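Given the structure is predicted, the values throughout are model-derived calculations rather than measurements. In what follows, every chain begins at residue 1, and chains take the letters A, B, ... in the order their sequences are listed.
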Protein chains: 2
Amino acid sequence: MKFDLNFQSGIPIYIQLKEQIKYGMARGHLKPGTQLPTVRKLAIDLRINANTVSRVYSELEHEGLLATRKGKGTFVLDHNISHQRHDIEVLKTEMENLVNKARELGFTPDEISSLFSEWAKRVSDR
Amino acid sequence: MKFDLNFQSGIPIYIQLKEQIKYGMARGHLKPGTQLPTVRKLAIDLRINANTVSRVYSELEHEGLLATRKGKGTFVLDHNISHQRHDIEVLKTEMENLVNKARELGFTPDEISSLFSEWAKRVSDR
DNA sequence: CTCCTTGTATGAATTTACTAGTACAATAAT
DNA sequence: ATTATTGTACTAGTAAATTCATACAAGGAG
């Protein structure tokens with residue numbers, strides 16, 4: 001499992017790392033039981049601070065995806081993150097962006113809601 | 001034209017103001033030629049800084065929606081419907097892209113429809 | 001028990017976004 | 001011309017988010 005951070009993208013690196021781990025889990029590259037690199041090792045590898053890695057692991061643990069044991073390491077739990085769940089997150093983010101844009105353009109929540117409903121019907125008619 | 005800022009929402013007030021002005025233009029409450037309140041007056045009215053108002057006016061001017069003339073004031077420009085219509089087209093295109101992407105990810109039309117419906121409800125609950 | 005490996009708590013440095021206070025500049029009005 | 005009215009530049013303060021350096025704590029290995 002290889003991670004690739006972009007330090008100039010403006011996207012916080014802890015977000016990037018988290019996404020990539022989740023992606024790996026969704027794709028099956030990180031199967032349940034797998035040990036992740038220790039916070040120190042990964043921190044050195046990626047040339048970032050150990051706490052930044054720890055933050056990612058902690059958040060993922062809080063989401064029920066990882067388990068950490070002091071002195072031992074961090075491991076992938078049995079997760080039901082399939083492609084679907086991961087992709088749904090991505091889609092929801094994009095939807096949110098779309099909504100925000102629509103609001104900026106002066107559409108009311110009701111109108112946006114209508115647009116979505118309209119599209120929902122249109123899509124289901126295929 | 002009345003503006004209503006929420007100082008506790010966490011949403012920057014200049015964003016709120018900008019949205020409300022755009023909303024007014026989209027609704028026809030601010031017709032082309034109308035003079036907006038001076039930055040000072042509006043600032044006092046809303047109990048914010050004149051620069052914050054100025055920022056909003058500037059950005060809207062940059063978007064081609066307002067014109068400011070020093071010593072005179074700020075005025076609503078001809079924002080033709082074709083512009084609005086164009087924006088709607090853009091939104092619809094983006095929605096279509098979203099749908100296509102979802103389908104590429106393996107979602108069924110029903111699932112996509114549900115996602116849209118869910119969001120529609122979420123948006124209208126704001 | 002002692003040491004090593006692991007994650008974590010704490011606090012600070014840094015950056016960025018937002019808002020405000022004050023002084024300035026440009027145009028209009030007289 | 002002079003003054004008033006309007007928008008703007010400049011600067012600073014504040015808050016939040018991100019990342020880091022350092023020291024600590026908990027569990028594992030010998």
Item to check | Atom pair distance, as rounded to whole Å: CD1 in A:Ile44 and P in D:dA21 | outcome: 12 Å
Checklist entry - With sequence neighbours left out, what residues match B:Ser58 under side chain to side chain donor-acceptor pair (under 3.5 Å)? => result none
Checklist entry - In degrees rounded to 10°, what angle is found between the helical axes fit to the five outermost pairs at each end of the helix from C:dC1-D:dG30 to C:dT30-D:dA1? => result 0°
Item to check | All side chain to side chain donor-acceptor pair (under 3.5 Å) counterparts of A:Thr38, not counting sequence neighbours | outcome: none
Please tabulate, one pair per line, all N/O donor-acceptor pairs under 3.5 Å involving side-chain atoms of residues 46-55 of chain B, not counting sequence neighbours.
| from | atom 1 | to | atom 2 | distance (Å) |
| --- | --- | --- | --- | --- |
| B:Asn49 | OD1 | B:Asn51 | N | 2.7 |
| B:Arg55 | NE | B:Glu59 | OE2 | 3.2 |
| B:Arg55 | NH2 | B:Tyr14 | OH | 3.1 |

Checklist entry - Under 4.5 Å between any side-chain heavy atoms of B:Leu42 and B:Tyr57, yes or no? => result yes
Next on the checklist: Protein within reach of the bases, or only the backbone? For nucleotides 9-20 of chain C, mark each nucleotide 5' to 3' as B, S or -, using heavy atoms under 4.0 Å.
Outcome noted: BB-------SBB
Checklist entry - In chain order, what residues pass the side chain to side chain contact (heavy atoms under 4.5 Å, CB included) check against A:Ile15, with sequence neighbours excluded? => result A:Ile11, A:Pro12
Item to check | salt bridge (Lys or Arg N to Asp or Glu O under 4.0 Å) partners for A:Glu63, two or more places apart | outcome: A:Lys18, A:Lys22
Checklist outcome for this item: Residues at least two apart in sequence or cross-chain that pass salt bridge (Lys or Arg N to Asp or Glu O under 4.0 Å) with B:Lys41, listed by chain then number, are B:Asp45
Checklist entry - In whole angstroms, how far is the C1' atom of D:dT19 from the CG atom of A:Asn6? => result 16 Å
Item to check | Phosphate OP1/OP2 of D:dG7 contacted by B:Ser58 side-chain N/O (<4.0 Å) | outcome: no
Checklist outcome for this item: The nucleotide from D:dT6, C:dG7, D:dT8 with an atom nearest the side chain of B:Thr38 is D:dT6
Checklist entry - What residues, two or more places apart in sequence or in another chain, satisfy side chain to side chain contact (heavy atoms under 4.5 Å, CB included) together with B:Lys31? => result B:Thr34
Checklist entry - Rounded to whole angstroms, how far apart are CD on B:Gln35 and P on D:dT5? => result 14 Å
Next on the checklist: Can you list everything that forms a side chain to side chain contact (heavy atoms under 4.5 Å, CB included) with A:Lys70? Sequence neighbours excluded, please.
Outcome noted: none
Item to check | side chain to side chain donor-acceptor pair (under 3.5 Å) between B:Thr74 and B:Glu61, worked out | outcome: CA-CA 9 Å; B:Thr74 303; B:Glu61 179 173 29; over 6 Å; no
Checklist entry - Looking only at side-chain N and O atoms, does A:Ser54 come under 4.0 Å of OP1 or OP2 in C:dG7? => result no
Quick test: give all pairs of protein nitrogen or oxygen and nucleotides 25-30 of chain C nitrogen or oxygen below 3.5 Å, distance rounded to 0.1 Å.
none

Checklist entry - Could you state the CG-C1' distance from A:Leu42 to C:dT6, rounded to the nearest angstrom? => result 14 Å
Item to check | side chain to side chain donor-acceptor pair (under 3.5 Å) against A:Gln20, all qualifying residues, sequence neighbours excluded | outcome: none
